[in-house]
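Worksheet for the structure shown next.
Along the sequence shown, residues carry numbers from 1. Only a predicted model underlies this, so the values are computations on that prediction, with no experimental measurement involved. FYI, side chains are in, hydrogens and waters are out, and symmetry mates aren't considered; it's all heavy atoms of this structure.
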Amino acid sequence: MSTNLSSDEPVLVSLKTACAMTSLSRTMINRYRSEGRWPVAVPLGDKRIAFVKAEVQGWIAARIAARAANDNKQTGKQVAA
């Protein structure tokens with residue numbers, strides 16, 4: 001069975017994959033979810049959820065951007081746009 005996904009179709013990833021993508025534990029991701037600091041889960045069944053891969057990647061990118069902003073504040077450098 002061949003699956004041809006176009007680049008604009010959302011791809012879902014499991015909690016396990018999200019953990020691997022971020023190196024966060026399930027516990028930490030669930031804590032972030034309860035605090036509203038993590039992408040909203042997509043319910044797949046009674047006890048199964050997934051996350052939109054692009055949203056998890058966006059979360060990672062935001063963390064990287066925040067790191068860069070903090071580094072620049074500490075050193076007094078301006079971020080090039």
Side-chain angles (χ1 to χ4, degrees):
M1 183 168 108
S2 175
T3 306
N4 293 329
L5 292 176
S6 69
S7 62
D8 60 342
E9 291 183 38
V11 175
L12 298 177
V13 296
S14 67
L15 179 56
K16 182 177 180 178
T17 300
C19 290
M21 290 172 67
T22 61
S23 77
L24 293 173
S25 67
R26 294 171 64 96
T27 301
M28 186 57 87
I29 287 177
N30 284 325
R31 180 177 300 155
Y32 284 172
R33 288 179 60 211
S34 70
E35 295 172 352
R37 298 170 50 194
W38 183 259
V40 176
V42 177
L44 300 177
D46 291 341
K47 295 183 179 184
R48 182 79 173 165
I49 61 167
F51 302 97
V52 178
K53 183 177 182 179
E55 293 176 0
V56 175
Q57 291 170 326
W59 183 90
I60 293 167
R63 298 293 293 208
I64 293 169
R67 177 195 65 181
N70 286 334
D71 287 348
N72 289 328
K73 279 183 185 176
Q74 291 175 0
T75 61
K77 295 180 183 177
Q78 294 293 327
V79 177

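Under the 4.5 angstrom side-chain criterion for Ile, Leu, Val, Met, Phe, Trp and Tyr, the cluster partners of L12 are V42, L44, V52.
For the atom pair I29 CD1 and S34 OG, the distance stands at 12.0 Å (nearest 0.5 Å).
With contacts defined as side-chain heavy-atom distances shorter than 4.5 Å, the pair R48/P43 does not qualify. In this structure, N30 and W38 have side chains that are not in contact, with every pair of non-hydrogen atoms separated by 4.5 Å or more.
Heavy atoms only, all atoms of each residue included: M21 and I60 are closest at O-CD1, 3.8 Å.
Between the side chain of T17 and the backbone N or O of V13 there is no donor-acceptor pair closer than 3.5 Å.
Evaluation of the side chain to side chain contact (heavy atoms under 4.5 Å, CB included) rule for I49 yields R33, A41, F51 as partners, not counting sequence neighbours.
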_Pair M28-C19, side-chain contact (heavy atoms from CB on, under 4.5 Å): steps then yes or no_ = CA-CA 9 Å; M28 186 57 87; C19 290; over 6 Å; no
